[in-house]
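For the single chain, residues carry numbers from 1 onward in sequence order.
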Amino acid sequence: MDRVGRRRLLLTSFAGIIGALSLLGTCLTIVERHHGEKILWALGLSIASCYTFVAFFNIGVAPVTWVYSSEIFPLRLRAQGYSLGVAVNRLMNAMISMTFISLYKAITIGGAFFLFAGVSLAGWIFVYTLFPETKGRSLEEMEELFGGGNRKSDELEGRV
């Protein structure tokens, strides 16, 4: 992470995830439309795209989000901010797990993965437009970069 950079890892990871989920959605749609036929190439590509998704998720989104979220909060709010991030992460995981079957029955199995690819595209755009690179920056630079507070008022209150 420190050698390549958090932002580059996130953008690469999201790009691979978008490709893998799009391929998975396409293959599963083909399999679903040819009900009763064995389309082994589409099934094989589905399995390969699942492995590809896991690989790209693990090189960027999985580790970088935890590191990045620990860096962006000012020191005095880091524990609360990180706790909030963990809670939101767990809630979103639970929501996806509990609604997946209803979702794919409503919009097809391929459609569900196309939806996830669309959400990943929104994540790529979010990182590209709003996330600065934090590689090699000190905590003081991070607080200034993310607007961690007014330095003068912190000095007056004895927080520095």
Just how far is it from atom [atom1] of [X] to atom [atom2] of [Y], taken to the nearest 0.5 Å?
X   : Y    : atom1 : atom2 : answer
T12 : W124 : OG1   : CH2   : 10.0 Å
R78 : S69  : CZ    : OG    : 9.5 Å
L45 : I30  : CG    : CD1   : 8.5 Å
L77 : I72  : CG    : CD1   : 11.5 Å
I96 : L91  : CD1   : CG    : 11.5 Å

With F116, which of L24, L21, L121 fulfils side-chain contact (heavy atoms from CB on, under 4.5 Å)?
-> L21

Candidates L9, V127, I17 - the one meeting side-chain contact (heavy atoms from CB on, under 4.5 Å) with V61 | I17

May I ask whether [X] and [Y] are part of the same hydrophobic cluster, defined by side-chain heavy atoms of I, L, V, M, F, W, Y residues being less than 4.5 angstrom apart, directly or through others?
X   : Y   : answer
L10 : V88 : no
V4  : F57 : yes
F53 : I47 : no

[X] (side chain) donor-acceptor with [Y] (main chain) under 3.5 angstrom:
X    : Y    : value
E37  : I39  : no
S49  : S46  : yes
R7   : T134 : no
K135 : R3   : yes

Are side-chain heavy atoms of Q80 and L84 found at a separation under 4.5 Å?
-> no

Find out whether F56 and I18 are in side-chain contact, i.e. whether some heavy atom of one side chain is under 4.5 Å from a heavy atom of the other.
-> no

List the atom of F14, the atom of S120, and the distance in Å for their closest heavy-atom pair.
-> CD2-O, 3.6 Å

Please report the closest heavy-atom contact between M1 and P63, naming both atoms and the distance.
-> CE-CB, 3.9 Å

Can you name the residues that form a ring pair (Phe, Tyr, Trp, His ring centres under 6.0 Å) with F131, not counting sequence neighbours?
-> Y68, F126

Would you check, one step at a time, whether the test salt bridge (charged side-chain N to carboxylate O under 4.0 Å, His left out) holds for E71 with R6?
-> CA-CA 11 Å; E71 293 174 338; R6 291 132 178 80; 2.9 Å; yes

When the side chains of residues 98-115 are checked against the rest of the protein, which donor-acceptor pairs come out under 3.5 Å, sequence neighbours left out?
| unit_1 | atom_1 | unit_2 | atom_2 | d |
| --- | --- | --- | --- | --- |
| T99 | OG1 | M95 | O | 2.7 |
| T108 | OG1 | G111 | N | 3.0 |

Atom CZ of R8 with >12 non-hydrogen neighbours under 6.0 angstrom | no

